[in-house]
Amino acid sequence: MKVNRNDQAEILTSDQLTELLDELPQPHRAIAAICYYCTCRVGEVCQLQAEDIRGSKIVFRRANTKTKRTKEVFIPAKLKAELESVELPQTGYLFLGKHGGHITRQAFDHALREACDYLGFQGVSTHSFRRSSITALHYAGVALKTIQKRSGHATIAQVGAYIEPLDGAADAAGEML
């Protein structure tokens, strides 16, 4: 995990992502997949409602984002298959919490920590999916402006802060487009 909240979240390779998704139980697996394939924050995913999945897109509404901007992301084939493998509600929140309302970031973080401990992954946090996605897209040759629009960052400089050298980072990028 991050140390003193100062280090950046670890970037996952394609193989690590696969291992982690395989280890996470539902609905945490679906949440992680949406974070990765849509390049979004876990808080945005936890608050998704059934009506936010519109055909081939997921709409992240203003109220769900840190930046208060709405964004639409096309659902890549790999994510579509993942979402079809889990029974999602037709109305209300996609991921229900224990006491009504939506699942919390803390509940997802707890499941993620358990999976990472089991797999022996260090430095992974809920933000690793977003960082990994942005890095993979960059190394696959996707324009920074396109990544900026997809991730919802206000500036290209903010996108650049997410990118880190990593062997094999582009392996999974083709699955996200």
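Remember, predicted model here, so these are calculated numbers, not experimental data.
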#### Entry: Partner set under salt bridge (charged side-chain N to carboxylate O under 4.0 Å, His left out) for Arg131, not counting sequence neighbours
Glu164
## Note on the structure
Applied to residues 79-94, the side chain to side chain donor-acceptor pair (under 3.5 Å) test, sequence neighbours excluded, yields Gln26-Glu82, Arg29-Glu82
### Task
Please test His153 against Tyr162 for ring-ring contact (aromatic ring centres under 6.0 Å, His included), starting from the C-alpha separation and ending with a verdict.
CA-CA 11 Å; His153 283 101; Tyr162 278 68; 4.7 Å; yes
### Query
Is there a donor-acceptor contact under 3.5 Å from the side chain of Thr146 to the main chain of Val142?
no
### Query
Closest approach of Gly123 and Ser128, non-hydrogen atoms and distance?
O-OG, 4.0 Å
### Criterion side chain to side chain contact (heavy atoms under 4.5 Å, CB included) against Phe121, the qualifying member of Glu23, Gln16, Arg113
Gln16
### Query
Does the side chain of Leu20 come within less than 4.5 Å of Cys116's, by heavy atoms?
yes
### Task
Provide the closest heavy-atom pair for Pro27 versus Ile103 in the form atom of the first, atom of the second, distance.
CG-CD1, 4.1 Å
## Note on the structure
Looking only at heavy atoms, the pair that brings Ile75 and Gly55 closest together is CD1-O, 3.9 Å
### Query
Taking 4.0 angstrom as the limit, do Arg105 and Asp109 come out as a salt bridge?
no
### Message
Under a 3.5 Å cutoff, is there a donor and acceptor pairing between the side chains of Glu114 and His110?
### Response
yes
### Summary
On a heavy-atom basis, the closest approach of Leu83 and Ala30 is CD2-CB, 4.5 Å
### Query
Is a side-chain donor or acceptor of Gln47 paired with a backbone partner of Glu44 at a separation under 3.5 angstrom?
no
### Task
Please tell me if the side chains of Ile34 and Cys40 come closer than 4.5 Å, counting only heavy atoms from C-beta onward.
yes
